[in-house]
Amino acid sequence: MKIRARFAPSPTGYLHVGNARTAILNWLFAKHGGGQFVLRVEDTDVERSAKEFEQAIYKDLRWLGLNWDEGPDVGGAFGPYRQSERLEIYHKYAHRLLEEGKAFHCYCTQEEIEVRNKAALARGGQPKYDGHCLHLTNEQKQAYLDEGRRPVIRFHVPEETIQFQDLVKGEIVFEGENISDFVILRSDGAATYNFAVVIDDALMKISHVIRGDDHLSNTPKQVLLFERLGFDVPVFVHIPMILGSDRSKLSKRHGITAIRLYREKGYLPEALVNYLSLLSWSSESGEEILPLGRLIKEFDFTRMSKSAAIFDREKLNWMNNRYIRTAALERIVELSIPFLEKAGFRVSDRDYLTQVIDTVRGNVDYLEQIPEHAKIFFQKEVSIESDEAKEMLALDSSKQVCRAFLEELGPVETLSPEVFKQIMKSIQKKTGVKGKFLWMPVRIALTGRMHGPELPRVVEILGKEKCESFIKETLGKQL
RNA sequence: GUCCCCAUCGUCUAGUGGCCCAGGACUCGGGAUUUUCGAUCCCGCAACAGGGGUUCGACUCCCCUUGGGGACGCCA
């Protein structure tokens, strides 16, 4: 079977982590099987849909590297790919169901239905459509029309057992009697989600419907529609959802969920793709850092778990750090520049910048953290950041060390790590100070901090001049 | 309330009847590399929800309970 997978977002908001994962798995599955990946925009809800969200979703998908073979912006043989442009198609099929007696006009208002549902609930019954308009005479229909009511079209759910195979969940069975007759065409003529997906998936020849398992309970309705419309039923793949730390549906209160915010914080797309792929799925190798090529090669649904996974920012951070440290240095430099500029650092010296980024990139979870680590290489003067550091520096031995360091620095031409280590050795001999009490004062005097990259490396990047002036400066302040 | 799905360390997971008194990863704690943090390496803490079956033998199969999630819209 030719594989055609699809991602069908509704442009009612930014792409978030859950949707992105669905898109990634669809894309991975399509690539793995040498098939097509289709993008379809589900904008039947005019109220909530917005063009800017559609564009934003494109941007995020592209950033993640999920290119599509067919879609609203690139076209394709099964278009249009925007549901708002497919209205006539939905009408055509809705009327066919109407003519065949599989659907009916319903004149009930939402308020009336709500009242009846509540009453049914109070009686201990089910809140499902009660068939009020199922057998209306033409006179009754006309009367409603004269009242000014605009009908919807409802699909009549037969009382039969609905069964389908899900690639990850296995065999699923629903009873038609538990499913309410549902609206397929709204009073304004727009198709509802359950109807539009079926028509589109069928007409677009989608072979695998891969989506979050929150859609599992919609599936029997869709299966029914596929069958009554005479379409082939696609293979369903309901992937477990991503939950927040409290095990409820992932939302804003669980932290940042919009993909664009991850981009803006300096996460790498490949890290996000890798991490998200590993939620409810694992490589047979047991390895976790899986570059895109391996993901495509290894991904399928046989190793997909059935249970939901919790989104863990800590682990994402770890993985992003792994990618940041192994990515091409030039790329990381390039991506870091906006953050550094925002922090007010001069980044014109590309060589210097590259050295700085090279030594600090291993310490960040995401690029937004680069400036705070890089600060020590851009500051004009040193300010001691903590009381602990001030105390350390106030020690007599520290002053001795700093003075000795300044003396040693004098004749030096280029301050390489090796030269620096030599200097430290002779300071130790001269002053008798060693270990922590030898190294820490130098670090603090030079950077203002007790933490940072390897000191020999720091010194090398800073260069003799800056080291000299920083030491003099702190010496002047302290003594 | 009804229907559907799910159930291994705090988290992501391996495990498809014996290889498991359960393995890896993140986090956390400890140690090492004779400066801190970090990085790296090593070590450690930590789980099969409960109860019944089936079986010579269950984390693995079945049932029940409990717990969690999702869906019951003229949202998707």
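Quick note on labels: first sequence line is chain A, next is B, and so on, each numbered from 1.
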Self-check item: Stepwise side chain to side chain contact (heavy atoms under 4.5 Å, CB included) check, A/Glu408 with A/Gln422
Solution: CA-CA 10 Å; A/Glu408 292 285 332; A/Gln422 275 309 122; over 6 Å; no
Nucleotide of [options] approaching [X] most closely (side-chain heavy atoms):
| X | options | value |
| --- | --- | --- |
| A/Arg48 | B/G1, B/C74, B/A76 | B/A76 |
| A/Arg247 | B/G73, B/C12, B/G38 | B/C12 |
| A/His451 | B/C37, B/C74, B/G24 | B/C37 |
| A/Glu314 | B/A76, B/U36, B/U27 | B/U27 |
| A/Glu288 | B/U11, B/C12, B/C74 | B/C12 |
| A/Trp439 | B/U11, B/U35, B/G70 | B/U35 |
| A/Met440 | B/G69, B/C74, B/U36 | B/U36 |

Residue-phosphate contact under 4.0 Å: [X] side-chain N/O, [N] OP1/OP2:
| X | N | result |
| --- | --- | --- |
| A/Lys249 | B/A71 | yes |
| A/Arg154 | B/C74 | yes |
| A/Arg449 | B/U35 | no |
| A/Arg313 | B/U27 | no |

Practice problem: Examine the side chains of A/Glu298 and A/Ser283 and answer whether a donor and an acceptor come within less than 3.5 Å of each other. | Solution: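 Yes.
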Can you tell me the distance, in whole Å, between the [atom1] atom of [X] and the [atom2] atom of [N]?
| X | N | atom1 | atom2 | answer |
| --- | --- | --- | --- | --- |
| A/Phe311 | B/C26 | CZ | C1' | 13 Å |
| A/His215 | B/G69 | NE2 | P | 19 Å |
| A/Ile310 | B/C6 | CD1 | P | 17 Å |
| A/Glu111 | B/G73 | CD | C1' | 12 Å |
| A/Glu287 | B/C26 | CD | C1' | 16 Å |
| A/Met424 | B/U34 | CE | P | 15 Å |
| A/Glu372 | B/G38 | CD | C1' | 13 Å |
| A/Ile242 | B/C6 | CD1 | C1' | 16 Å |

What's the separation between atom [atom1] in [X] and atom [atom2] in [Y], rounded to the nearest 0.5 Å?
| X | Y | atom1 | atom2 | value |
| --- | --- | --- | --- | --- |
| A/Trp68 | A/Leu66 | CH2 | CG | 8.0 Å |
| A/Thr354 | A/Ile332 | OG1 | CD1 | 12.0 Å |
| A/Ile113 | A/Cys106 | CD1 | SG | 5.0 Å |
| A/Arg449 | A/Glu388 | CZ | CD | 14.5 Å |

Self-check item: Residue met sooner reading RNA chain B from 5', once A/Trp281 and A/Ser180 are mapped to nucleotides
Solution: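 Closest to the 5' end, via its nearest nucleotide, is A/Trp281.
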Exercise. Let me know, please, whether A/Gly435 or A/Gly286 comes out on the 5' side of the other along RNA chain B by nearest nucleotide.
Key: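 The 5'-side residue here is A/Gly286.
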Quiz prompt | A/Tyr193 six-ring centre to A/Arg48 NZ/CZ under 6.0 Å and within 45° of normal | solution = no
Base paired to [N] (Watson-Crick or G-U; both N/O distances under 3.5 angstrom):
| N | value |
| --- | --- |
| B/C21 | none |
| B/A7 | B/U66 |
| B/C28 | B/G44 |
| B/U2 | B/A71 |
| B/U36 | none |

Where do N or O atoms of nucleotides 40-45 of chain B meet protein N or O atoms at under 3.5 Å, pair by pair?
| residue | atom | partner | partner atom | Å |
| --- | --- | --- | --- | --- |
| B/U40 | OP1 | A/Arg322 | NH1 | 2.9 |
| B/U40 | OP1 | A/Arg322 | NH2 | 2.3 |

When we call it a touch if two heavy atoms are under 4.0 Å apart, what does [X] touch: a base, just sugar-phosphate, or nothing?
| X | result |
| --- | --- |
| A/Pro441 | nothing |
| A/Val183 | sugar-phosphate |
| A/Arg303 | sugar-phosphate |

Distances for protein N or O near nucleotides 2-5 of chain B N or O, under 3.5 Å:
| residue | atom | partner | partner atom | Å |
| --- | --- | --- | --- | --- |
| B/U2 | O4' | A/Gln126 | OE1 | 3.3 |
| B/U2 | O4' | A/Gln126 | NE2 | 3.1 |
| B/C5 | O2' | A/Lys169 | NZ | 2.7 |

Self-check item: Test side chain to side chain donor-acceptor pair (under 3.5 Å) applied to A/Arg211 and A/Asn26, A/Thr219, A/Asn19, the passing residue
Solution: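 Exactly one candidate clears the test, A/Thr219.
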Quiz prompt | Quiz item: A/Asn363 side-chain donor-acceptor pair to B/A39 base, under 3.5 Å | solution = no
Quiz prompt | A/Lys102, NZ: over 12 other non-hydrogen atoms inside 6.0 angstrom | solution =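 Yes, the 6.0 Å shell around NZ holds more than 12 heavy atoms from other groups.
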Quiz item: If you count the non-hydrogen atoms of other residues, nucleotides and ligands that lie under 6.0 Å from CD in A/Glu160, is the total more than 12?
Solution: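 Count over threshold, so yes.
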Quiz prompt | Non-hydrogen atoms of A/Met304 and A/Arg21 that approach each other most closely | solution = CE-NH1, 4.2 Å
Self-check item: A/Trp281/A/Phe299 under ring pair (Phe, Tyr, Trp, His ring centres under 6.0 Å): CA gap, chis, key distance, verdict
Solution: CA-CA 8 Å; A/Trp281 181 84; A/Phe299 186 80; 5.3 Å; yes
